Number of protein chains: 2
Amino acid sequence: MRPTTKDLAKAAGVSLATVDRVLNKRPGVRKKTVEAVKKAIEEIGFVRNLSAANLAKSRQYRFRFLLPRRGDLFIAELRDRIFETNIGLAAEGMEITHQEISQVDPHLIAQTLLKIRRDEVDGIALMAPESPQVRDAAIRLQEKGVHVVHLISGQQKLSDMDFVGIDNHAAGATAARLIGRFVCGLQGKVMVVSETMNARDSLERRRGFDQVLTRDYPNLTALPSLETHGDEARAYEIISNMINNSPDIVAAYVMSSEARLPLNAVARQTDPQTLTVIAHELTDRTRKALVSGEVDAVIAQDSGHLVRSSVRLLRARCDKREIMRSQEQIRIEILIQENLLPAQCALRSNDHGSVANSFDD
Amino acid sequence: MRPTTKDLAKAAGVSLATVDRVLNKRPGVRKKTVEAVKKAIEEIGFVRNLSAANLAKSRQYRFRFLLPRRGDLFIAELRDRIFETNIGLAAEGMEITHQEISQVDPHLIAQTLLKIRRDEVDGIALMAPESPQVRDAAIRLQEKGVHVVHLISGQQKLSDMDFVGIDNHAAGATAARLIGRFVCGLQGKVMVVSETMNARDSLERRRGFDQVLTRDYPNLTALPSLETHGDEARAYEIISNMINNSPDIVAAYVMSSEARLPLNAVARQTDPQTLTVIAHELTDRTRKALVSGEVDAVIAQDSGHLVRSSVRLLRARCDKREIMRSQEQIRIEILIQENLLPAQCALRSNDHGSVANSFDD
DNA sequence: GTTGATCTGAGGTACGTACCTCAGCTATCA
DNA sequence: TGATAGCTGAGGTACGTACCTCAGATCAAC
């Protein structure tokens, strides 16, 4: 049997109350006594029983994800993962919800943030385009005692500690490297498409992309970023314009998390099989594109990891714990046809019915 | 507050005892009553409090990883992850150990397996080359009540349910695709190196590799597999022979998890920068090779995931639970210079001192 | 040596579930 | 009608930690 606090008290020659004070960093214990207890902890190899601690605390954590309202496949993925995580962690006293926010208007987002009360949630994971208003509102929220982490995009270097997502500079560099190698020395232009360049993540990806491309692949020239603004007609128009004006396009980099519109537009304009195409995020659309050869590689961040990592980070904040940041690093995944897992992403078809309990025989 | 069993009892109009019987699938409850309780569960949204349940059960899980004795960097990685996982899960009543076993001799491995008693461990994660003796010993062990999962390699299709690791056929295919694309239409031969072709994983990788290469890249011919048997001198000899006999080698695929010897041998024989090289597993050696350009891509499986997934699987077996297999799928990661995380793998330098508790101020 | 502040011990309750016993209840069948 | 088996309720203890109160001990400074 593992030693308990009682054993620890005996080993340290103090009472249970003192052990408790030391373990929970409560005041009113002499340094010498603290040391004695710590020594005993090492000696008998005491490890706090988390189950018991959680039970005793009967602590509840209520976290809320704020995601843009747009009907994006990637956002849908995230929502599904939030739902799953909620189910999985409900048994551990967590309640994880999500709320839609404006996809663009910083004022509206800031308003939404400021409306959040300390007594309804303990933490927020926010996915929103960069803006001073949002940043300030987030800071205000923190001051109220609601912890905030920034998901995927993140605000102007508040602190890296609050960010959950991939290194977008590196992701852009990865895209450039793949295009550079796949294109095989061909001379030509590279089309770059994004939903908007107002987002911090797009800007960073672009910088990383350009850096590698100009340094290592003089045969390739990156064209100015096209912005779809999530509008299908517009996407088609600007992309077809671009393709018609630059017949020497040999590759395309779709930077935004919603690759559907750009991919559809490209597909209508040219034979994507002959074009080297790199897109972001694994969704049903990019998965199909990967399988058909329409896309050569997908650069992805695991949506489940994003959600779980956010939750762990928020929870650590609530407990005033530090966290192993290196273990929470979100990987930049490179996906091609061959390393797509059969189940990956196809999970969307799950019905969300009765997963909560396991009495289904 | 979340509803408790007491609330559930009230809602279902039964006693706590009956609720308990239903929740824990104990006999002696009429079907009708069971249904009533289940209905109440749905209605009030009852979710078992895991902390309380674990505490009440005061269940301990003792799992042991059996890893080959060789001093491999990849194995060292795994050991470190086991150590970490043990620390992280100790608070949840898990005790995760590891034991070295013969790296080759099936008889010795089988003997080791058969020596394991039910009262010392609840489950085993076994990494061993395929052989009938080992397979039988594993089955015997299961009959004794010790759960067994097969790590990375796996035995002849016992059951996919017992396997933790990547799809090696797909991994080989991935390697072939990368080489095919990176080589840019060049005509030539591809060298294939492994530690041994007796391992199931190597065979499967080879098959996946050949399949894609012969189908999609007629410009490339894969050479017969070279086996280093973990011997440095031998590795150098066979590889230099191969290189001297086939001057038109344009690429190399290092299949085994220990890439050190083959990479060193290749480096001594030829300029690896001009060769397209794909290796397996992220270790200090492959990481350096990736950064220097000696290796073009690394195909990896996350060692931490391997360990944690094994533990989850074993635990599910102990609890007689089914598990979401799709969530336990180990991803085939493609790593290039650009998407290497700064922290990734460099963790080896950690001292393993006082991570067990968090009183370090 | 007294006062006050600081530290420590003893003992309690609470968290939500698991698992036990035993008494009593309800159908079923002889 | 009574015996039997199957079902249900009442009540208890246990798990290990958190957090509370209050009394008593210790130590410093005066």
Side-chain angles (χ1 to χ4, degrees), chain A residues 1-38 40-41 44-61 90-94 318-321 357-359, chain B residues 1-38 40-41 44-61 90-94 318-321 357-359:
Chain A
M1 272 293 127
R2 281 227 316 263
T4 71
T5 41
K6 215 178 274 181
D7 302 320
L8 181 53
K10 205 180 297 168
V14 300
S15 74
L16 252 176
T18 302
V19 162
D20 175 67
R21 290 182 186 111
V22 174
L23 287 181
N24 297 295
K25 301 187 205 249
R26 275 187 259 278
V29 187
R30 258 183 313 177
K31 255 205 188 111
K32 230 173 82 184
T33 316
V34 173
E35 290 312 317
V37 172
K38 285 193 182 179
I41 287 174
I44 69 171
F46 170 81
V47 179
R48 203 202 232 86
N49 181 325
L50 252 195
S51 292
N54 286 338
L55 178 59
K57 276 193 285 232
S58 69
R59 181 90 171 80
Q60 288 265 81
Y61 302 86
E92 293 172 33
M94 303 233 190
C318 288
D319 297 349
K320 296 186 178 48
R321 275 186 294 114
N357 291 288
S358 52
F359 316 109
Chain B
M1 270 294 124
R2 282 227 316 262
T4 70
T5 41
K6 216 178 275 179
D7 303 319
L8 180 54
K10 204 181 298 169
V14 300
S15 74
L16 254 176
T18 301
V19 163
D20 176 68
R21 290 182 185 110
V22 174
L23 287 181
N24 297 295
K25 301 186 204 245
R26 276 186 257 278
V29 187
R30 259 183 313 175
K31 255 207 189 110
K32 228 172 82 183
T33 315
V34 173
E35 291 310 319
V37 172
K38 285 193 181 179
I41 288 174
I44 68 171
F46 170 81
V47 179
R48 206 201 230 86
N49 180 326
L50 250 195
S51 293
N54 285 339
L55 178 59
K57 276 192 283 229
S58 68
R59 180 92 170 75
Q60 288 264 82
Y61 302 86
E92 293 171 33
M94 304 234 189
C318 288
D319 296 348
K320 296 187 178 47
R321 276 187 293 116
N357 291 286
S358 53
F359 316 110

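Worth saying up front: this structure is predicted, and the values here are computed from it rather than measured. In what follows, every chain begins at residue 1, and chains take the letters A, B, ... in the order their sequences are listed. Just so it is clear, the values below take in all heavy atoms, side chains as well, and ignore hydrogens, waters and symmetry mates.
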Between D:dA10 and B:Ser15, is there an OP1 or OP2 to side-chain N/O distance shorter than 4.0 Å?
no
Can you tell me if B:Arg59 touches the phosphate of C:dA18, counting only side-chain N or O atoms and a distance under 4.0 Å to OP1 or OP2?
no
Nucleotide D:dT17, atom P - distance to NZ of A:Lys6 in whole Å:
10 Å
Distance in angstrom units between A:Leu50 CG and D:dC15 C1', rounded:
15 Å
Note down the inter-axis angle between the two ends of the helix from C:dT8-D:dA23 to C:dC29-D:dG2, five pairs each, to the nearest 10°.
30°
What heavy-atom pair brings B:Arg2 and B:Val47 nearest, and what distance separates the two atoms?
NH2-O, 3.7 Å
Do the side chains of B:Thr18 and B:Val29 get nearer than 4.5 Å, heavy atoms only?
yes
Just compare C:dG9, D:dA18, C:dG16 and give me whichever is closest to any side-chain atom of B:Thr4.
C:dG16
With side chains defined as the heavy atoms from C-beta onward, is the minimum distance between B:Val22 and B:Thr33 less than 4.5 Å?
no
Between C:dT8 and A:Thr18, is there an OP1 or OP2 to side-chain N/O distance shorter than 4.0 Å?
no
Looking at OG1 of B:Thr5 and NZ of B:Lys10, how far apart are the two atoms once the value is rounded to the nearest 0.5 Å?
11.5 Å
Detail all sub-3.5 Å separations between protein N/O atoms and N/O atoms belonging to nucleotides 19-21 of chain C.
{"unit_1": "C:dC19", "atom_1": "OP2", "unit_2": "B:Arg26", "atom_2": "NH1", "d": "3.0"}
{"unit_1": "C:dC19", "atom_1": "OP2", "unit_2": "B:Arg26", "atom_2": "NH2", "d": "3.4"}

Closest listed nucleotide, where the reference is the side chain of B:Leu55 and the choices are C:dT17, D:dG9, D:dC15
D:dC15
Rounded to the nearest 0.5 Å, what separates atom CG in B:Leu23 from atom NZ in B:Lys38?
10.5 Å
Distance from B:Leu50 atom CG to B:Lys57 atom NZ, nearest 0.5 Å?
7.5 Å
Taking CG from A:Leu8 and P from D:dG16, how many angstroms apart are they, rounded to a whole number?
14 Å
N/O-N/O pairs, protein side and nucleotides 5-7 of chain C side, under 3.5 Å:
{"unit_1": "C:dC7", "atom_1": "O3'", "unit_2": "A:Arg30", "atom_2": "NE", "d": "3.3"}

Please tell me if the side chains of B:Asn54 and B:Glu92 come closer than 4.5 Å, counting only heavy atoms from C-beta onward.
no
Side chains of B:Leu55 and A:Asn49, heavy atoms from C-beta outward: is any pair under 4.5 Å?
yes
In whole angstroms, how far is the C1' atom of C:dT17 from the CG atom of B:Leu16?
9 Å
Within the structure shown, what part of the strands sits under 4.0 Å from B:Gly13 by heavy-atom distance: base, sugar-phosphate, or nothing?
sugar-phosphate
Assuming nearest nucleotide by heavy-atom distance, tell me which of A:Asn54 and B:Lys32 is located more 5' along DNA chain D.
B:Lys32
Identify which nucleotide among D:dT17, D:dG9, D:dC15 has an atom closest to any side-chain atom of B:Val14, counting heavy atoms from C-beta outward.
D:dG9
